[in-house]
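Quick notes on the structure that follows.
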Amino acid sequence: MIRVLVLGAGAGGGFPQWNSNSEACRRARVGDPFARPATQASIGVSADGHHWFLINAAPDLREQINRQPQLHPTDGLRSSPIAGIVLTNGDVDAVAGLLHLRERTPYRIYAHARILSVLDANPIFSVLAPDVVTRETLSTGATTALCGPDGVDSGLRVTPFAVPGKVALYMETTGDGENFGTQEGDTIGLEITHEGQTGRLVFIANCAAVDEAVRARCAGADLLFFDGTLWRNDEMVTRGEGVKTGQRMGHISMAGPEGSMAALADLDIGRRVFIHINNTNPALLGDSPERTELAAAGWQVAEDGLEITLP
Ligand code: MLT
Ligand code: MN
């Protein structure tokens with residue numbers, strides 16, 4: 001069994017975003033039930049309901065822990081059910097939350113060498129004392145057992161795979177032609193299973209394109225979390241809320257013939273859930289025509305606190 005807990009459904013900035021005065025963000029601020037706030041994207045996975053591995057550490061992690069009883073300490077004066085963190089990229093919305101977990105309770109950080117090098121190069125992360133918080137290297141294509149800080153095998157297995165994407169915004173070095181200095185490992189997707197059981201979770205919160213390799217990973221998944229940043233590639237530009245397209249940010253859009261819904265439509269997937277939803281995406285709004293269209297295509301939008309159990 002794999003228990004899945006959505007800690008945050010939003011993209012970088014969350015919903016409402018601090019500097020957005022859009023109608024959607026204003027609706028979220030006044031408690032409109034069709035514009036529910038979303039913290040930044042993260043999920044927790046657990047084999048036993050007691051030891052949790054978080055996929056990415058959002059800047060909202062402190063708030064996410066406080067509102068989820070599963071993540072509250074129960075063992076003595078200092079402890080945490082959080083056994084480890086698996087990172088899929090080095091974006092601020094994926095790593096900044098590590099800084100909340102700095103009070104000498106042990107856990108493991110699992111990430112590709114490329115992302116570990118980002119942590120290693122930023123001295124602020126040395127606040128996670130290496131004698132307490134260990135850093136474990138994930139390699140694409142290789143299956144790793146997720147273990148707690150005491151070395152006990154959780155039973156969960158993670159297999160990272162390369163996904164078309166981009167280096168973290170603050171790491172961009174070169175121009176468009178050179179893909180901003182993106183290297184292997186800057187963006188990965190994850191397959192997660194429980195040893196000896198059948199359920200398979202696929203997590204891809206950052207994806208620039210659905211190629212045949214991505215389709216092959218998604219095919220047959222019992223549960224798919226997929227990049228739901230934007231509805232349309234140019235929505236931030238046309239709404240006057242930004243200058244970047246989804247493609248420039250490394251995110252495929254949901255809708256249209258070039259979108260993720262079309263690209264994944266013919267695959268056998270148990271449950272399809274969009275996560276990492278940007279505050280400009282109309283699909284965030286429960287009463288939007290885009291939400292209706294998405295549901296008709298067999299998708300749902302993640303919400304903070306959503307729980308799903310895989311057999
Ligand atoms: C993204 O997903 O594109 C990033 O979170 C952007 C950012 O770091 O602000
Ligand atoms: Mn992001």
Side-chain angles (χ1 to χ4, degrees), residues 6-20 22 25 37-43 54-61 63-64 85-100 111-112 114-115 118-119 121-122 124-125 160 162-174 176 179-183 185-190 203-210 214 225-237 239 241-254 259-260 273-281 283-284 301-304:
V6 174
L7 298 178
F15 180 59
Q17 181 173 295
W18 72 284
N19 63 346
S20 174
S22 68
C25 286
T39 58
Q40 292 162 90
S42 175
I43 67 168
L54 309 190
I55 312 304
N56 293 329
D60 308 304
L61 182 53
E63 171 188 349
Q64 293 168 342
I85 311 279
V86 184
L87 301 174
T88 64
N89 64 85
D91 281 328
V92 169
D93 58 341
V95 303
L98 290 172
L99 299 175
H100 288 300
H112 190 278
R114 174 78 171 150
I115 305 308
V118 172
L119 302 185
N122 282 272
I124 195 168
F125 290 106
V163 168
K166 187 181 70 58
V167 67
L169 179 60
Y170 61 89
M171 294 283 288
E172 289 184 6
T173 54
T174 55
D176 265 312
N179 208 13
F180 318 107
T182 301
Q183 294 181 21
D186 278 323
T187 306
I188 57 173
L190 304 174
F203 182 91
I204 309 175
N206 292 257
C207 185
V210 175
V214 169
F225 284 97
F226 198 82
D227 184 340
T229 308
L230 300 181
W231 180 256
R232 288 203 187 284
N233 186 45
D234 62 355
E235 83 192 24
M236 288 175 51
V237 181
R239 294 163 65 108
E241 294 192 62
V243 295
K244 288 184 180 172
T245 62
Q247 281 303 299
R248 171 62 186 84
M249 296 189 295
H251 298 292
I252 188 175
S253 48
M254 294 178 174
S260 57
V273 184
F274 281 120
I275 195 167
H276 191 279
I277 325 288
N278 197 51
N279 66 88
T280 56
N281 187 337
L284 256 186
V301 172
E303 291 188 354
D304 291 24

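Numbering of ligands and ligand atoms starts at 1, following listing order.
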Nearest non-hydrogen protein atom to atom 4 (C) of ligand 1, with distance, is Asp91 OD2, 3.5 Å
Once the angle between the rings of Phe203 and Phe225 is folded into 0 to 90°, is it parallel (under 30°), tilted (30 to 60°) or perpendicular (over 60°)?
tilted
pair Cys25-Phe15: side-chain heavy atoms closer than 4.5 Å:
yes
Verdict with supporting geometry, Asn278 and His251, side-chain hydrogen bond (donor to acceptor under 3.5 Å, both in side chains)
CA-CA 11 Å; Asn278 197 51; His251 298 292; over 6 Å; no
Distance from Thr229 atom OG1 to Asn281 atom CG, nearest 0.5 Å?
8.0 Å
At less than 4.0 angstrom from any non-hydrogen atom of Asp93, what atoms of ligand 1 do you find?
5 (O)
Could you tell me if any non-hydrogen atom of His276 lies under 4.0 Å from any atom of ligand 1?
yes
Within-4.5 Å side-chain heavy-atom neighbours: Leu87 and Val95:
yes
Within less than 4.0 angstrom of ligand 1, does His251 place any heavy atom?
yes
Under 4.0 Å, heavy atoms only, figure out whether ligand 1 is touched by the backbone of Thr229, its side chain, both or neither.
neither
Would you check if the side chain of Asn56 reaches a backbone N or O of Thr88 as a donor-acceptor pair within less than 3.5 Å?
yes
Which ligand 1 atoms are under 4.0 Å away from a heavy-atom of Asn206?
2 (O)
Identity and separation of the nearest protein heavy atom to atom 9 (O) of ligand 1:
Leu169 CD2, 4.0 Å
How about atom 6 (C) of ligand 1: does it have a protein heavy atom within less than 4.0 Å?
no
So, does His100 use its side chain to make a donor-acceptor pair with the main chain of Pro59 at under 3.5 Å?
yes
Is there an N/O/S atom in Asp93 that lies less than 2.8 Å from the Mn ion (ligand 2)?
yes
